[in-house]
Every structure is written in C-alpha cells, then in structure tokens.
2 protein chains.
Amino acid sequence: MNERAQHLLRVLIDRYIREGEPVGSRTLARDSRLDLSPATVRNVMSDLEEMGFVAAPHTSAGRIPTAQGYRLFVDSLLQIQPLDTLQVEQLRQELLAEEADSSRLIESASNLLSDITRMAGVVTLPRHEHVALRRIDFLPLSQNRILVILVINEKEVQNRIIQTDRTFSASELETIANFLNAHFAGRDIHAVRSHLIEEMQQTRQDMNELMLSVVSVAEKVFTEEEGDDEDYVLAGQTNLMQFRELSDVEKLRELFEAFNRKRDILHLLDQCICANGVQLFIGEESGYQVLDECSLVTAPYSVEGEVIGVLGVIGPTRMAYDRIIPIVDATARLLGAALNSKN
Amino acid sequence: MNERAQHLLRVLIDRYIREGEPVGSRTLARDSRLDLSPATVRNVMSDLEEMGFVAAPHTSAGRIPTAQGYRLFVDSLLQIQPLDTLQVEQLRQELLAEEADSSRLIESASNLLSDITRMAGVVTLPRHEHVALRRIDFLPLSQNRILVILVINEKEVQNRIIQTDRTFSASELETIANFLNAHFAGRDIHAVRSHLIEEMQQTRQDMNELMLSVVSVAEKVFTEEEGDDEDYVLAGQTNLMQFRELSDVEKLRELFEAFNRKRDILHLLDQCICANGVQLFIGEESGYQVLDECSLVTAPYSVEGEVIGVLGVIGPTRMAYDRIIPIVDATARLLGAALNSKN
DNA sequence: TCTTAGCACTCAATCAAATGGAGTGCTAAG
DNA sequence: CTTAGCACTCCATTTGATTGAGTGCTAAGA
C-alpha cells in the first residue's frame, strides 16, 4: 500500500469525520491537493475497498471508512497533538471543582468526559489491590442486626447491615470493635480475615466467647466485602441520542440496555486495564453487536504507578479521534493524580 | 353528558389503550354492544370532540382520547380493582428480596415499579422530618481535612470530608466526638445545631478551646447537612424507548435530559406529596412540554403516618391505568411498611 | 506502466400522480 | 332521536419518471 493511497485514505477519513457523508472521487481529488483526476482516485478507492479500508453504502455513493480503515487511520495516519498545558489546567480545575471524596471524583471525571466530548463518558470504580482497614465500628440494631461501619483506605466509608445468630449488646460490640481496631488497624483486610480464621482454628479449644464473636462478626463483614463487584459510572448517555448514525430507537435501546446490564461493557473495559495507554475499540472490533456503530476510547488510570481503573468515552465510530484521544489520555492522568493527592 | 356518551367514551378509551390506533365509528358501534349505528356513534363522537374529550388526528381517522378524556376516564369511568393479596405478597417478596438498608430499598422499589409496569419507575429519597443524631465520629486526614461519619436515624450512615482552619489531632477529635455523642445522641440534628450556636453565644467569653472546636466542627458538619437536596431514583428509562408514541429520538432525548436535570420532575413529585393517595398527571396536565406525551402516576409513601416521599411510574399517556394505579398504590404502601419495619 | 477522459450504468432520493380505503360530516327520511 | 346514504377528506401506498451523484470499465495518451 503506497504513500498516495494512505494519503487519500487519510483525507477521506478526515473529511468523512467532519461532514458525515460518503466521499466521492471528485471531492476527494479536489481535497487531496494531489492534482489527480477523479478517475485515478477511483482506481485507488477500488484498491482500498478491496483491502477492506473503505466501503460504499451502495453502488453510486462515495466511500466511507470501515472499522479497519479507522484502525489504520488512528494507528499510523493520525497525528494527535497532546493538549497544551492551558487546556490540561482547565481540565484539572473542573475535575477538582469541589471538595471531593473518591466516589465523587469518579463521577466528576465521568461527567467531565461526557461534557467536553459531547459523547458518553465512563469511568470504572477504582479497585483496591490491598484494602487497608482503618477503623471498624458496630452499632446494634433491632432483631439481631448490626450496622457495621468500615473505614478503609484511610478515607472511604462503607456500611452494611449484617444479621447475626445471637444478640450482641452495645458494650459487647464495642469490645469487639476495640479489639479489631487495636489489633488490625492499618492491616490489609484480607490478611485480617485469614488471620482471624487461622487464629480460630489454632485456638479452637480454649477460645473464649469474645474471640468467637469477633471471628463470627468479622467473617460476616469481610465476606460480604468480597462481593463488592466491579462497576462503572456512566454519564451523558443522552449525548449519544443526537448522532445521526445512532438514530434508530431500537438499536439505541439495545445499546442503553447494554449500559444498564454493565457486564459486556465491563468486560471490554477490563481488557483495557492492561494496556499502558490509550486503547480503542472501533466498531465491530469490540465483538459486541450493540457497539457495532460505536467506538470506545479508553485509558487506564493509576495511583502510585499501579493501575486501578479505566475510563473512556463512547461515541459513534465517526468521531474526532484526534481530539478525543488526548482528552481521554489527559483525564486518566488527572484522575489518577487527583485520587492520589487526596490521600 | 349522558350515560351513553360516557359508555362510548369508556369503550373508546379501553380499545385505544389496547390497540393504540384511532377508533372509528364502525368499530366503536360494534364494540360498544349498544346496538347503535355508526352514524349515531358519529354524532356522539362529534359531541365528545366538541367537549374536548376526544380528538381526530386528521379528518378521516377515528378518534383518540385527549388528556381531558383520559382524565374523565380515570376519575369517573374507570373501576380499578385492587390487587389481590397474592399479588401484594409477591410484590412484598420482591421488594424485600435482599437484606436492605433504606437506600437499597428505594432502589428496589424503583426497579420493581419499572419491571412490572414495563415503564419507568421513580422514587424520591425519603426526607427526614427530624434527623436524629445517633452517633458522630471523626477521623483526621491530611491537610486539615477531617472525615466525618454521621449515623442518623438509627441506621443511616453519611460521610463527608470537611476542611478546617487548623489541624486537629486524633485525640482532640475523639474528645469532641465523645462530647457530642454524650450530649446529643438521639437528639434532632437541627436542634443540636441551634443549641450549639446558642451555647456559643451565651458563653462566648469563657468558652474553652475545646468547646470552640466542637462548635466550629459541628457547624461545618451540620451546615453541609442542610445542602442535602432532594433527589430521586429512576429506573427503566429504556422501557420508554419501545413505545410507538415516544419513538421520536429528539423528543425522547429531551425527556431523558429532563430526567437528568431532575428539577422539573422533582417539582411535579413534590406536588404529589400532599395528595393522600394515588395522583395522576396526564399528558399536558403536568405543565411541562417534555411530558406532553406522558402520564405520571404517583403515590406518596409514609412511615408511621407521616409522608416522607413519593413514588410513581412514568409512561405514555396511553397506558393501562387500571393496572398501573393499583400497582403504584400497593408499592407505596409496601415501601412505607418496609422502611418502617427496618427501624 | 500509470494516468486520464469518456461513457454507460447503477442506485438513492425526490416528486407527482393515481389509487384505495377508512372514516367523517351532513342531510333527509323514518 | 336514529339511521341510511352520499359526498367528501385525507392518509397511506404504489407507481413511474426524473435527477444527480458517483461508479466501473475501456481505450487512448504520456
């Protein structure tokens, strides 16, 4: 595939992204500034079509890029200029607009992505490789239920209600909490759990009742912690409704249901967690039919060098990749930094 | 307006709700079982149209109900049979499917509504008339920030990060927390606040530093508490995308944006809080253009006789009111009961 | 061998006219 | 008050014609 063909492909895609209409040979010949006749361009197009980079919606329409065409485009034809510092600074301002805990930050990031790209933004919740217990508290409720308040990773609060076999008094619970806090504050929560279980087995015989209670309660708490499935925050779904190429309500519905179902999208995002930079799924590349007309631009975000999540933008395949890619990239860095600074 | 006209209107609306197509005089004459000729029916229709209960999309189409027509229909023509105990029991099961705190209950309810009606479900967060402080805890973070954990109303946990003027040590914070817990546990949070402020003014001169700290921290906490704006949980938006009458993408987009904006919808829901039972907004009645093609069926829910929120269903004006109304009604009762039992 | 002009051809989109059918309004008679 | 009859309206669908953009192919030129 020669230089000229690549150039023409680039011009075609550029124009198609801007105008949204199939590009014919005459237009392309003019746009390319190559001083070629439409006929020659047609020959080139014919080749490109054979190679699968462009396609014609019908016999007498111009050509539009295929997913494969876009792929070549972003991989080798596209030069993306990184955002200048001013823009990055603006992004940072917006992201840090409010005094924010991590979950609010995630939401901000998602909104930010959708707002500035005018497409849908998505950010996975950060996964914690090691969950350090900072503090645990119990409050008795009625009917053998206990409200457990868990502070983890310095500043994240989780609470849940657990059901126990017997009634614990307030003072009992306080004792248990004190014990756990004294012995395990700062330690990894899974380590705590296994440690407790081990301890239980070793000292089974002479275990006092308190210890037993600690274990049984802690078990409950930490087990349920496990079930904390991964998840993401989506913003700007409605932005997707203004694109001509996504104007079929039924298709749109299926797309939105996929967003609600979350599983497929999560699966895709998971794949991006190991890419060390911006990664794209263009059209059918995703492997999910609902996303056939969409592209997903993602970047992992990390704290202290460790990747803890992925964020990205979802829009029609016909999107301004050169603009979107640096935005996603920068947002990922900023989010990582923000999560870090708030430690 | 005579008996016969009412009967015909009822039959027309019944049929229109089922079939979704304008009903002509011939069909209506047959359906009504009144042994009338189409011509007679036409005369009646003409009257009904003049009175504003039905309208013809165009000259040679049948008639469809107007908002006013639906209004008369639900107010005096419709007999809704309450759900039987079996169905109610099923509802209850689903609502209580999991060990749930109140926010999860709200979500369940919303999902439940959208699932069984196949439309959109909406539930406002319960507002707390009096917010009783059960427990307050502080954890120091870096940079003069403090993590505040607030347990209110026996079992709801809120946390926020506040910024203070000076650094508080862990032990200082503990002292403050102890003070607050000892003096104010169980009291209304607003009472606590005003009490603190009052105290501050009375003892301004000889106030010790601790007391000052307590007040300044508490002020921050309780002030921000104020900003806890009302909100709702929406489910099943996508269900709305399958209705023919809502198939215009642009309109749909506006509707969804209204859902995101929340303000207008909240305003509507607020109006329902004082109705003592199911309330409807049919089509234009809502006063919001985006809802022109929609109806909103709501019911307030209450705990211990006090209304604390509203739930409802949003769908096209052409909905099976006889089925929806009792569902909304029952769900409101069940949610109230569930919130109560979990006390 | 590559490029290009020329030409026939295809196909979507648009428009106009024709047709059918569902349903109405009106009128006059029962 | 009811109803049959009739003229009329309007939508929906089909059909055919027209247009224009763009293609593929071929043969001639560089």
Side-chain angles (χ1 to χ4, degrees), chain A residues 1-9 11-16 18-66 69 244-245 247-248 318, chain B residues 1-9 11-16 18-66 69 244-245 247-248 318:
Chain A
M1 174 159 178
N2 63 34
E3 185 67 29
R4 192 178 65 180
Q6 290 197 4
H7 177 73
L8 283 173
L9 180 58
V11 175
L12 182 144
I13 296 184
D14 263 341
R15 183 173 178 107
Y16 181 68
R18 259 183 300 118
E19 309 283 334
E21 239 137 65
V23 185
S25 55
R26 186 190 313 280
T27 330
L28 194 47
R30 206 179 334 101
D31 271 27
S32 71
R33 314 194 134 283
L34 279 188
D35 198 32
L36 286 178
S37 78
T40 311
V41 172
R42 279 204 287 280
N43 288 332
V44 178
M45 287 301 114
S46 182
D47 295 348
L48 286 176
E49 180 157 8
E50 190 141 355
M51 289 186 276
F53 295 120
V54 298
H58 59 83
T59 338
S60 77
R63 303 303 211 294
I64 61 175
T66 60
R244 234 197 285 93
E245 45 266 78
S247 62
D248 177 20
R318 182 195 144 224
Chain B
M1 176 160 178
N2 64 33
E3 185 67 29
R4 192 178 63 181
Q6 291 197 2
H7 177 73
L8 283 173
L9 180 58
V11 175
L12 182 145
I13 296 184
D14 264 341
R15 184 173 178 108
Y16 181 68
R18 259 184 299 118
E19 311 281 335
E21 240 140 63
V23 185
S25 55
R26 188 190 312 281
T27 329
L28 193 49
R30 206 180 330 102
D31 270 28
S32 71
R33 316 195 132 282
L34 279 188
D35 198 32
L36 286 177
S37 79
T40 312
V41 172
R42 280 204 286 280
N43 289 332
V44 178
M45 286 302 114
S46 183
D47 295 348
L48 287 176
E49 180 157 5
E50 189 142 356
M51 289 186 277
F53 296 120
V54 297
H58 57 85
T59 339
S60 75
R63 303 302 211 295
I64 61 177
T66 61
R244 232 195 288 94
E245 44 267 78
S247 62
D248 177 19
R318 183 195 143 225

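In what follows, chains carry the letters A, B, and so on, assigned in the order in which the sequence lines appear, proteins first and then strands, with residues in each chain numbered from 1. All values below were derived from every heavy atom in this structure, side-chain atoms included, with hydrogens, water molecules and symmetry-related copies excluded. Nothing here was measured: the structure is a model prediction, and the numbers come from that model.
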May I have the distance from [X] (atom [atom1]) to [N] (atom [atom2]), rounded to whole angstrom?
X	N	atom1	atom2	value
A/Glu49	D/dC25	CD	P	11 Å
A/Ile64	D/dA21	CD1	C1'	16 Å
A/Asn43	D/dA27	CG	C1'	13 Å
A/Leu12	D/dT23	CG	C1'	15 Å
A/Glu21	C/dA13	CD	C1'	12 Å
A/Arg63	C/dT10	CZ	P	17 Å
A/Tyr16	D/dG22	OH	P	14 Å
A/His58	C/dC9	NE2	C1'	14 Å

Can you see if the side chain of [X] gets near the phosphate of [N] - specifically, an N or O under 4.0 Å from OP1 or OP2?
X	N	result
B/Arg42	D/dT2	no
B/Ser25	C/dT24	yes
B/Arg26	D/dA4	no
A/Thr59	C/dT10	no
B/Ser37	D/dT2	no

Pairing partner (Watson-Crick or G-U wobble, both distances under 3.5 angstrom) of [N]:
N	answer
C/dG30	D/dC1
D/dG24	C/dC7
D/dC10	C/dG21

Handout entry: Earlier contact from the 5' end, DNA chain C, for A/Arg4 and B/Ala56
Key =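 Of the two residues, A/Arg4 wins.
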Exercise for the section: For A/Asp35 and for A/Pro57, locate the closest nucleotide of DNA chain C by heavy-atom distance; then report the residue assigned to the nucleotide nearer the 5' terminus. Expected result: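 It is A/Asp35, whose closest nucleotide lies nearer the 5' terminus.
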Practice task
State the CD-CG distance between B/Gln6 and B/Leu48, to the nearest 0.5 angstrom.
Solution key: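 One finds 9.5 Å between CD of B/Gln6 and CG of B/Leu48.
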Exercise for the section: To the nearest 0.5 Å, tell me how far A/Arg42 CZ sits from A/Glu49 CD. Expected result: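 CD of A/Glu49 is found 13.5 Å from CZ of A/Arg42.
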Practice task
Return yes if the base of C/dC11 and the side-chain atoms of A/Ser60 contain a donor-acceptor N/O pair under 3.5 Å, otherwise no.
Solution key: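 A donor-acceptor contact between them is present.
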Handout entry: A/Arg15 CZ: over 12 foreign heavy atoms closer than 6.0 Å
Key =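 Check passes, neighbour count above 12.
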Exercise for the section: Please check if atom CG in A/Asp35 has more than 12 non-hydrogen atoms from other residues, nucleotides or ligands closer than 6.0 Å. Expected result: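 No.
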Practice task
Among B/Val11, B/Leu8, B/Leu12, find the residue that satisfies the side chain to side chain contact (heavy atoms under 4.5 Å, CB included) test when tested with B/Asp31.
Solution key: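 Exactly one pass, corresponding to B/Val11.
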Practice task
With heavy atoms under 4.0 Å as the rule, sort B/Ala39 into base, sugar-phosphate or nothing.
Solution key: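 Base, at least one base heavy atom under 4.0 Å.
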Problem - Most 5' of B/Leu36 and A/Pro38 on DNA chain D, judged by nearest nucleotide - result: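 The residue mapped nearer the 5' terminus is B/Leu36.
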Handout entry: Distance-minimising heavy-atom pair for A/Met45 and A/Val54
Key =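 Heavy atoms only, the tightest pair is O-CG2, 4.0 Å.
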